[in-house]
Amino acid sequence: MPELSIETVDLTRTFKGPSNTTVKALDRVNIRVNQGEIFGLLGPNGAGKTTLIKILTTLLLPTEGDAYVAGFHVVKQASELRSFINLVSGGETPGYGILTTRENLWFFSQLYGLPRSIANLRIKELMDKLQFAEYASTRMHKLSSGYKQRLNLARGFINDPKVLFLDEPTLGLDVLSAKNLRQFVKDWVRNDTEKTLLLTTHYMAEAEEMCDRVAIIDQGKIVALDTPESLKNKLERRRTVKLEVRGSSSKFGDLKQFSGVLGVSQSQDIQSEISTLKVLVEDESVISEVISRISQSGSKVISVSKTEPTLEDVYISLVGRGFEESEAQSTTQ
Ligand SMILES: Nc1ncnc2c1ncn2[C@@H]1O[C@H](COP(=O)(O)OP(=O)(O)OP(=O)(O)O)[C@@H](O)[C@H]1O
Ligand SMILES: [Mg+2]
């Protein structure tokens with residue numbers, strides 16, 4: 001039996017919302033992640049992913065329930081836990097602007113109390129592997145956002161954590177840098193069976209490529225949890241049909257009003273004015289109705305094709321919509 005690395009038991013967190021309402025950011029979340037796993041958290045904006053990560057990294061207290069990381073209770077044993085974990089959030093400023101990248105990493109290594117020789121070795125190794133050694137002596141405020149993110153990631157590995165949390169790690173990285181980072185992180189987990197990685201991402205392709213298992217979270221609740229493969233198999237007869245449409249997609253309204261349409265994701269090519277719609281259907285027969293609705297609205301369907309189920313289709317079927325803005329990126333990464 002593999003050892004448990006992360007466990008939550010009915011984990012709940014509420015916040016005060018606007019005009020005295022209560023927002024349930026997490027609603028009785030139960031997950032169990034094993035050592036050696038790469039585990040993905042997927043869900044729309046505001047689903048509760050960052051809230052869960054903040055609780056697991058001792059930055060936020062739960063309202064109810066319990067959580068354990070690396071065998072420590074995240075509230076009762078928070079200070080013991082901290083040296084075994086690290087967190088990197090995409091888009092975060094990774095240190096002090098007037099310090100160089102090397103000085104920033106040195107600073108964080110000293111917060112963890114690393115001996116000089118180990119710290120120096122690790123800093124060099126991280127700068128080499130994440131490919132920013134040439135900027136070792138550059139002050140952080142002079143780095144481009146992609147290089148700041150590399151520094152941010154290097155900071156996450158500085159204490160060689162047992163459990164690493166990455167909240168949208170490839171945000172703002174170019175295609176090659178994102179690929180490089182995914183490989184680096186995968187190697188880090190695969191080369192040591194005691195490591196565990198929990199990550200959130202809005203890029204479905206990234207989750208599919210990296211994760212052993214994923215949990216899909218919506219409005220604070222886990223709505224699915226399995227390997228990407230099993231989640232796809234569960235879609236069974238449900239099919240995603242890809243339609244390329246010329247003309248404004250705003251005219252034909254909400255296609256989800258057709259019974260049998262389970263979800264729609266849409267992306268638009270700005271230059272050619274062609275929209276790509278991915279329509280997840282219960283049964284393919286409803287597609288002819290969808291096509292006539294689009295034609296009646298004055299737009300033109302220029303191609304129709306069936307696709308093999310992807311993790312994104314699973315997501316759309318559960319959450320009811322795709323990630324329009326991240327779709328464009330996931331196809332380029
Ligand atoms: N400090 C806070 N005070 C009040 N409400 C909060 C706070 N932090 C989060 N929330 C609310 O909790 C819910 C979950 O937010 P969270 O940041 O966990 O979502 P998320 O899944 O990380 O979303 P995203 O994909 O946009 O990063 C949202 O409704 C959010 O508005
Ligand atoms: Mg978030």
Side-chain angles (χ1 to χ4, degrees), residues 6 8 10-31 33 38-67 69 74-75 78 85-94 145 148-149 152-153 155-156 163-173 178 181 185 197-208 210-211 213-225 263 265-267 311-312 314-316 318-330 333:
I6 302 171
T8 69
D10 289 339
L11 196 66
T12 301
R13 171 71 206 205
T14 54
F15 288 110
K16 280 212 176 82
S19 45
N20 260 346
T21 51
T22 304
V23 177
K24 256 197 178 171
L26 294 176
D27 191 357
R28 294 183 167 271
V29 167
N30 292 289
I31 57 167
V33 182
I38 300 183
F39 189 90
L41 271 183
L42 309 176
N45 293 138
K49 304 177 297 294
T50 299
T51 304
L52 178 55
I53 285 191
K54 280 189 176 166
I55 293 176
L56 295 175
T57 52
T58 76
L59 299 175
L60 186 73
L61 292 171
T63 313
E64 279 174 60
D66 291 292
V69 175
V74 296
V75 181
I85 57 173
N86 210 327
L87 160 67
V88 177
S89 304
E92 194 180 55
T93 306
S145 55
K148 277 192 187 130
Q149 180 59 0
N152 200 8
L153 282 155
R155 188 186 53 71
V163 189
L164 179 64
F165 296 86
L166 299 179
D167 197 358
E168 303 188 38
T170 53
L171 193 73
L173 290 184
L181 163 85
V185 171
L197 174 69
L198 185 143
L199 80 134
T200 77
T201 179
H202 284 292
Y203 308 135
M204 293 294 123
E206 182 164 285
E208 201 159 349
M210 291 190 75
C211 298
R213 289 190 303 150
V214 296
I216 297 178
I217 180 166
D218 192 20
Q219 297 181 10
K221 288 198 170 81
I222 304 287
V223 292
L225 194 164
S265 91
Q266 190 171 321
S267 60
L311 191 56
E312 191 193 357
V314 176
Y315 180 89
I316 296 168
L318 290 162
V319 179
R321 58 194 186 276
F323 289 120
E324 284 80 23
E325 76 276 26
S326 47
E327 163 79 359
Q329 303 219 25
S330 67
Q333 288 210 3

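When a ligand or atom number is given, it counts from 1 through the structure's own listing order. Predicted, not measured: the structure shown is a model, and the values here were computed from it.
Near Pro44, meaning under 4.0 Å from one of its heavy atoms, ligand 1 places the atoms 21 (O), 25 (O). Applying the 4.0 Å criterion to heavy atoms of His202 picks out, from ligand 1, the atoms 25 (O).
Nearest to atom 25 (O) of ligand 1 among the protein's heavy atoms is Lys49 NZ, 2.7 Å. Of the protein's non-hydrogen atoms, Glu168 OE2, 3.6 Å is the one closest to atom 27 (O) of ligand 1. Among all protein heavy atoms, the one lying closest to atom 12 (O) of ligand 1 is Ala25 CB, 3.3 Å. Shortest contact from atom 17 (O) of ligand 1 to any protein heavy atom: Thr50 CB, 3.7 Å. Among protein heavy atoms, atom 9 (C) of ligand 1 sits closest to Phe15 CE1, 3.4 Å. Of the protein's non-hydrogen atoms, Val23 CG1, 3.5 Å is the one closest to atom 29 (O) of ligand 1. Counting protein heavy atoms only, atom 24 (P) of ligand 1 is closest to Asn45 ND2, 3.5 Å.
Checked against side chain to side chain donor-acceptor pair (under 3.5 Å), Gln219 has no partners two or more places apart in sequence or in another chain. Partners of Thr58 under the side chain to side chain donor-acceptor pair (under 3.5 Å) rule, at least two apart in sequence or in another chain, are Arg82. The side chain to side chain donor-acceptor pair (under 3.5 Å) test applied to Arg13 returns no partner, not counting sequence neighbours.
Among all heavy-atom pairs drawn from Val29 and Gly220, the shortest one is CG2-O, 3.4 Å.
Remark: the backbone N or O of Asp167 is not paired with any side-chain donor or acceptor of Thr200 at under 3.5 angstrom. With hydrogens and angles ignored, the 3.5 Å screen pairs no side-chain donor or acceptor of Glu312 with any backbone N or O of Met204. The backbone N or O of Ile217 sits nowhere less than 3.5 Å from a side-chain atom of Lys49 that would complete a donor-acceptor pair. Between the side chain of Thr170 and the main chain of Ala178, no donor-acceptor pair closer than 3.5 Å is present. The main-chain N or O of Asp10 is found under 3.5 Å from a side-chain atom of Thr12 such that the two form a donor-acceptor pair.
For Thr51, heavy-atom contacts with ligand 1 shorter than 4.0 Å involve the backbone as well as the side chain.
Residues Ile85 and Leu56 have side chains not in contact (no heavy-atom distance under 4.5 Å, counting atoms from C-beta outward). Here the side chains of His202 and Leu171 are not in contact, with every heavy-atom distance at 4.5 Å or above.
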Apply side-chain contact (heavy atoms from CB on, under 4.5 Å) to the pair Cys211 and Leu199, showing each step before the final yes or no.
CA-CA 9 Å; Cys211 298; Leu199 80 134; 3.8 Å; yes
Dump the intermediate steps for side-chain contact (heavy atoms from CB on, under 4.5 Å) on Leu41 and Leu198, then the final yes or no.
CA-CA 7 Å; Leu41 271 183; Leu198 185 143; 4.0 Å; yes
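Taking distances strictly below 2.8 Å, the protein N/O/S atoms close to the Mg ion (ligand 2) are Thr50 OG1.
Within the structure, the closest approach of Gly220 to ligand 1 does not fall below 4.0 Å when heavy atoms are considered. Residue contacts with ligand 1 leave out Lys54, since none of its heavy atoms falls under 4.0 Å from the ligand.
For atom 21 (O) of ligand 1, the nearest protein heavy atom lies closer than 4.0 Å.
When the heavy atoms of Gly46, Gly48, Ala47 are ranked by distance to atom 23 (O) of ligand 1, first place goes to Gly46.
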